[in-house]
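I have placed the structure first, in the form of structure tokens, so that the comments after it can refer back to it.
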Amino acid sequence: MNDDTRSDISLRVNDKPYQLAVDNRRTLLDAVRDDLSLTGTKKGCDHGQCGACTVLLNGQRVLSCLTLAVAADGADVTTIEGLAGDGELRPIQEAFVRLDGFQCGFCTPGQICSAVGMLAEHAAGWPSAVTCDGSPEHTPELTEAEVRERMSGNLCRCSAYPSIVRAILETAAREAVAG
Ligand code: FES
Ligand code: FES
């Protein structure tokens, strides 16, 4: 029932449909974690500063703590729980594990969801502040500096950055070889 304070919404989360009645002020982060019990997505700052809550909304990375659940009505949401398919880790997940891309792991779901979105943005030619010359056709080489800039919204208290960057660069190289 929709009124001034609550709305009925539909979400497709990790390929499963959900109907929710949410307070209009409820964030997507709280809806995913508390209403759908998908607690892989982490609440760090709850203020858009740490990136721990990053999920994919219609394939693009967003901070779920800054996204109202009602604004995601009808959308496809992918959380860390939905990235692996048929029990197989995605290459980026496997690379994080193999290359020690984490220590405590709290930031890791957000880092990995952000990396998936970032690699898609880069493949689509989205510019970044580091190496782009401003041309719409310009697709910057994915250097370490480029990855650090594009992942700068995802903080890691354990400072596992070197391994995170290595995991992303290796995954990008493998995807480039695979075409
Ligand atoms: Fe969303 Fe920190 S919890 S950015
Ligand atoms: Fe601990 Fe990133 S691995 S916060």
Side-chain angles (χ1 to χ4, degrees), residues 7 9 11-14 18 20 22-84 89-122 126 128-130 142-172:
S7 297
I9 63 169
L11 294 175
R12 193 164 183 84
V13 183
N14 303 332
Y18 295 92
L20 293 175
V22 294
D23 187 293
N24 291 338
R25 299 163 296 179
R26 194 154 186 75
T27 63
L28 181 59
L29 173 59
D30 287 342
V32 164
R33 282 183 57 84
D34 298 337
D35 298 337
L36 304 183
S37 300
L38 293 169
T39 54
T41 304
K42 301 303 183 209
K43 182 183 283 192
C45 63
D46 211 17
H47 283 85
Q49 296 175 344
C50 72
C53 64
T54 305
V55 299
L56 298 167
L57 187 67
N58 293 331
Q60 293 186 359
R61 54 182 173 165
V62 298
L63 298 175
S64 60
C65 73
L66 293 187
T67 305
L68 289 175
V70 290
D73 185 22
D76 276 309
V77 179
T78 305
T79 69
I80 191 69
E81 291 92 342
L83 282 183
L89 294 180
R90 273 203 187 204
I92 186 72
Q93 293 174 297
E94 187 275 327
F96 264 70
V97 172
R98 181 167 41 79
L99 298 173
D100 289 333
F102 52 86
Q103 290 181 36
C104 76
F106 189 84
C107 72
T108 312
Q111 298 278 3
I112 290 178
C113 286
S114 190
V116 170
M118 183 274 279
L119 289 170
E121 290 164 14
H122 179 262
W126 288 25
S128 91
V130 168
L142 199 57
T143 60
E144 178 176 337
E146 185 74 33
V147 170
R148 285 182 180 272
E149 160 64 17
R150 290 175 185 264
M151 293 294 294
S152 60
N154 289 83
L155 306 183
C156 176
R157 291 179 299 194
C158 304
S159 211
Y161 298 113
S163 302
I164 291 169
V165 172
R166 202 159 46 240
I168 294 171
L169 284 170
E170 192 202 82
T171 303

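Ligands are counted one by one from 1 in listed order, and the atoms in each one are counted from 1 as well. The residues of the chain are indexed from 1 along the displayed sequence.
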Original post:
Only one of L38, L36, V77 clears side chain to side chain contact (heavy atoms under 4.5 Å, CB included) with N14; which?
Top reply: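 Of L38, L36, V77, side chain to side chain contact (heavy atoms under 4.5 Å, CB included) with N14 is met by L38 alone.
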Original post:
Hey, which atoms in ligand 2 end up nearer than 4.0 Å to a heavy atom of C158?
Top reply: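 Once the distances to C158 are compared, the set is 1 (Fe), 3 (S), 4 (S).
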Subject >> Contacting atoms of ligand 2, where contact means under 4.0 angstrom from a heavy atom of G105 >> reply: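 That gives atoms 1 (Fe), 3 (S) of ligand 2.
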Original post:
Can you tell which part of A160 has a heavy atom less than 4.0 Å from ligand 2: side chain, backbone, both or neither?
Top reply: neither
Under 4.0 Å from any heavy atom of [X], which atoms of ligand 1 are there?
X   : answer
G44 : 3 (S)
D46 : 2 (Fe), 3 (S)
C65 : 1 (Fe), 3 (S), 4 (S)
C45 : 2 (Fe), 3 (S), 4 (S)
C53 : 1 (Fe), 3 (S), 4 (S)
G48 : 4 (S)

What closest approach, in Å, do [X] and [Y] show between heavy atoms, and which atom pair accounts for it?
X    : Y    : result
T79  : V13  : CG2-CG1, 4.2 Å
V97  : F102 : CA-CE2, 3.9 Å
E170 : A95  : OE1-CB, 4.2 Å
C113 : L83  : SG-CD1, 4.2 Å
A167 : F96  : CB-CD1, 3.8 Å
G110 : N154 : O-ND2, 3.2 Å

Subject >> Under 2.8 Å: N/O/S of C156 next to atom 2 (Fe) of ligand 2 >> reply: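 So C156 does bind atom 2 (Fe) of ligand 2 by this criterion.
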Original post:
For atom 2 (Fe) of ligand 2, does an N/O/S atom of C107 lie at less than 2.8 Å?
Top reply: yes
Original post:
Checking only N/O/S atoms, does C50 have one that is under 2.8 Å from atom 2 (Fe) of ligand 1?
Top reply: yes
Original post:
Going by an N to O cut-off under 4.0 Å, is there a salt bridge joining D100 and R166?
Top reply: no
Subject >> Check ion pair R26-D23 (N to O, under 4.0 angstrom) >> reply: no
Original post:
From atom 1 (Fe) of ligand 1 out to just under 2.8 Å, does an N/O/S atom of H47 turn up?
Top reply: no
Subject >> Heavy-atom proximity to atom 3 (S) of ligand 2, best of K42, R157, Q103 >> reply: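 Considering heavy atoms of K42, R157, Q103, the nearest to atom 3 (S) of ligand 2 sits in Q103.
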